Every structure is written in structure tokens, then in C-alpha cells.
Protein chains: 2
Amino acid sequence: MSTALKSKKNKISQNSIARLSLYLRELNLCELEHKKFISSSELARATNLTDSQVRKDLSLFGNFGVSGSGYAVGKLRAEVKTILGKDKPIDVILVGVGNLGLALLSYLDFQREGIRIRTAFDVDERKVGRAISNVQIRNIAEVENYIKKEKMKIAILAIPSHSAQQVTDTLVKAGIKCILNFAPKVLKTANGTLIRNVDLSREFDFFTYFIRQNNNA
Amino acid sequence: MSTALKSKKNKISQNSIARLSLYLRELNLCELEHKKFISSSELARATNLTDSQVRKDLSLFGNFGVSGSGYAVGKLRAEVKTILGKDKPIDVILVGVGNLGLALLSYLDFQREGIRIRTAFDVDERKVGRAISNVQIRNIAEVENYIKKEKMKIAILAIPSHSAQQVTDTLVKAGIKCILNFAPKVLKTANGTLIRNVDLSREFDFFTYFIRQNNNA
DNA sequence: AATTGTGAAATTGTTCACAGCA
DNA sequence: TGCTGTGAACAATTTCACAATT
């Protein structure tokens, strides 16, 4: 196995994965520019991190570097892609076709990253049956069957808070393992489900706190 | 000063602020239900955290609790609102009125949270002059003057990666201190600027890694 | 009796610094 | 010589556990 985890007790954190994802983005740029090697400090500069952080992260997954030269772009890129599971397209469903859902349906970066919104669901009968950016909108009542039949594992949740928990329960029961949640609501699920929250209003709380701090400083 | 920082060397991390923001959301619900007191363990349950975490976080900012009873909802809510700077409306500008920018202009949760998009900017002449959800779209060329004149401190950046760094430089030069960045790009700024990234494609990297892990487990 | 606030302990994450390799 | 990989040092964060308080 080429991306064999080294048998040490170093823990792979979600932060390491987040950073790998940044490294991959930089490696993609290097590939475009036909750059053959990149050092940990170059990777660090591109990602606003430190060189030792880069080396630690990469060393969790293997010995990818070449002493004296750095990392071979092509090889490292392939390894990181495999680690992150980006060597194949990623199939997801979208639940909720409001303003945000609509925007996500035409979000070009998803295609670029191999993320395919296979179908969408909504409660609004006027939307059901239509297609946006070639994605069919179905009745939410069909979501459970669809997930089971198509073995979907990932869902984007872009619905109002008040129904978020109930819909989550349905999705998880049907087999969804990962949810990207846009509702401003803490979702409860059993272990074995991964939830990532995109909580736009909350982001501004950092800002207002930060600005107030600096004004009083 | 009611929210006086206690003079201890305990550090207030961005994570504490993120959690305060969750507590506030729960406190808002309590207020609606006319609940008078809430304990650290109730707050913990609502936010998927631990009771000691809740107490530690709150104790960074003051002694808000009452031994034996918990926290007075009304008082704590007011304190946390002040800490987070949510006692006044928050004025922001939007840069980039593509699909995502459009969705943000009609995102109702912003209004609910007191976040006001004061105006928007785009390069596309066909959009300039129009108004969406009562927000005027202006030519990007005017952004620097607008920021200076209106003393804007917070910007939402919803433009393509390739121009993200250049536009960021302009915004920061004009006086912007906080940027909510939707471009899949690591932005470089001098210290004193706070950048928060909403990186939608990257969220899926967690998912595919997680799914692969569980399949091999 | 119940619950806070908080030092101390445990855990997790980051940086340092350098041996070893190409 | 230049750069990786990594143990050890350091720093930050979380959890524990209990005295103090109402």
C-alpha cells in the first residue's frame, strides 16, 4: 500500500487533514507550472504555515521527501490525493434548494474539485421536478430511498434550522455518514457520523470580538 | 466595566470565542422559552460540549454564575452579547456578486443576527447600478473610497481565486480589518488583519478521508 | 443539595534542533 | 551542502476533581 500509515502512535488530527488539503492545492499549482520539486519551506510559505509543520504532517503518512531536494511534486500530489480520497469523483446529495442551495448547484469549484451533486431535494412542490445546472430536484419524501439505492454517503444540508435535526435523523438512518451543515444549529448524531458546520453568521462574531479588542488595546 | 476581563493569564482563544457564540445561540432560545436559569451542563448538552468547558470559557470573562443555581439567562445573554460585540448592528460590505454573493445578499439569517450588508461591489458593468434585496451594487473601482468614507471594517470576499489576493490588498489598504473569504486561496495580509476562510470544496476532503478510514477499519 | 470557579493533571498540538541522507 | 524526518522540548487546550458558595 503506497500511502501506508506509518506504525507510530502519532495521531492524525482533523487539522492535519485540513492542512493536507491546502498542500494539495499548492501542489496542483506546481503541477501546472511544471515545477518538479518543492521543499517544506516553500510549501509552508504558500500556505502560511511553518516548514516543520509541513514535514510533520507529511511524515504522518509516509516518507515522501528526498533529502537535499524536497518533495517530488508529481509523486506527493498523487499520494496526497489518495490519502484525501480525491483520486475518484465525490458524489453528494443536496438537501434544500433555497437561495444558498441554488448557489451551491451552480458553484463551479465543486466540479473542478470532482464534487458531483448527484441530485437535490426540497419540500417545495413548485421546485420539485425542475432541474438546475443539470441537477434534478426531487421531493424530500424520496430522500431515504434515494440514499439507500444509490448508496450515498455525503449530504449537503441547506435547510432552515427548525427542520435540520429531523432531516438529519432521516439522512443518517438511510446511510449518510457525512453532512455539510449550513443550518445555524448544533446537530446531534450517533458516533460514526461526521458533521462539518458552515456557520456564516457565527463567523462575524470573531470579527466583532476582534475589532473591539483592538479598539480597547 | 461589566464584562471586565479577569486579570489572570488565561488565554482567550479563537475557540473560546467560537464556543461563546454557540452559547449565545442557546441563550437566545432560553430567552424565548422564558427559562430563567441554565446550568453549565445544560449548556453543554445543547452545544455538544462538556460542562467544565462551558465553565472555563465563561470564567475567562467574569463570574457570571450563581453557585447552586447556574447562570441567569438574561444576564449571561447580555454579557455574552457585549463580549461578542453583538449589542450593535454589524456593518459589512460584499465584494463579488456572483452566484454565492447573490445568495448571501438574500440570506435571511444575516438580518436576524444584526449583520447588515451595506453595499456590494462587482467588476461586471451589467450588475453595477442594480440593487438586490435593497443592497446597491457599485463598481469595484469605488471600493477604496467607500471603505474610507464609511469607515467599514468588515468585508465578505466572494470573488474568483485569481483576483482574491489583489482585491484583498486594496481592501486592507483602505482600512478593512476583517475578511470572510470564500475564495479557495490562502490570503496573505499583514498582522492586524483577521481572515476567516469558508472553503467549501475543502470541507469534502474531511469527508472522503473519513469515509476511506472507516472502510479500511 | 446543587452548581460554580479553578488549580492541577492529562492530553493534544506545535516548534525546535539536529542526526542522517542524497 | 541542503533538506528531510523525528525525538525531545515546549505550548496550548481540555478534562478532572474538589473547595467554596448560595
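Below, chain A is the first sequence line, B the second, and so on; all start at residue 1. Quick caveat, the model's predicted, so the values are computed rather than measured.
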Judged by each residue's nearest nucleotide on DNA chain C, which is more toward the 5′ side, A:G68 or A:Q14?
A:Q14
Please compare A:S67 and A:S16 by the position of their nearest nucleotide in DNA chain C and report the one closer to 5'.
A:S16
At less than 4.0 Å, is any side-chain N or O atom of [X] found next to OP1 or OP2 of [N]? Yes or no.
X: B:Q53; N: D:dT15; answer: yes
X: B:Y71; N: C:dA2; answer: no
X: A:R55; N: D:dG7; answer: no
X: A:S69; N: D:dC3; answer: no
X: B:T50; N: D:dT15; answer: yes

If I take atom [atom1] in residue [X] and atom [atom2] in nucleotide [N], what distance separates them, rounded to the nearest angstrom?
X: A:L43; N: D:dG5; atom1: CG; atom2: P; value: 12 Å
X: A:F61; N: D:dT4; atom1: CZ; atom2: C1'; value: 17 Å
X: B:I38; N: C:dT3; atom1: CD1; atom2: C1'; value: 13 Å
X: B:K11; N: C:dG13; atom1: NZ; atom2: C1'; value: 12 Å
X: A:L49; N: C:dC16; atom1: CG; atom2: P; value: 14 Å
X: A:F37; N: C:dA22; atom1: CZ; atom2: P; value: 13 Å
X: B:D57; N: C:dG5; atom1: CG; atom2: C1'; value: 13 Å
X: B:D51; N: D:dT14; atom1: CG; atom2: P; value: 14 Å

Could you measure the distance from the [atom1] atom of [X] to the [atom2] atom of [Y]? Nearest 0.5 Å is fine.
X: A:T208; Y: B:I154; atom1: OG1; atom2: CD1; value: 6.5 Å
X: B:L84; Y: A:D205; atom1: CG; atom2: CG; value: 5.0 Å
X: B:D91; Y: B:K153; atom1: CG; atom2: NZ; value: 11.5 Å

Just checking A:S13: base, sugar-phosphate only, or nothing, at a heavy-atom cut-off of under 4.0 Å?
sugar-phosphate
At 4.0 Å (heavy atoms only), tell me whether A:G65 reaches a base, stays on the sugar-phosphate, or touches nothing.
sugar-phosphate
Please evaluate residues B:R212 and A:D87 with respect to the criterion salt bridge (Lys or Arg N to Asp or Glu O under 4.0 Å), reporting the C-alpha separation (whole Å), side-chain torsions for both, the decisive distance (0.1 Å), and the verdict.
CA-CA 12 Å; B:R212 180 152 304 184; A:D87 45 350; 3.3 Å; yes
For B:F207 and B:F204, run ring-ring contact (aromatic ring centres under 6.0 Å, His included): C-alpha distance rounded to whole Å, both residues' side-chain angles, the deciding distance at 0.1 Å, then the answer.
CA-CA 5 Å; B:F207 293 158; B:F204 291 95; 5.7 Å; yes
State whether the distance check finds a donor on one side and an acceptor on the other, under 3.5 Å, for side chain B:K56 versus base D:dT15.
yes
Output the single nucleotide from D:dC3, C:dG5, C:dT4 whose closest atom is nearest the side chain of B:S40.
C:dT4
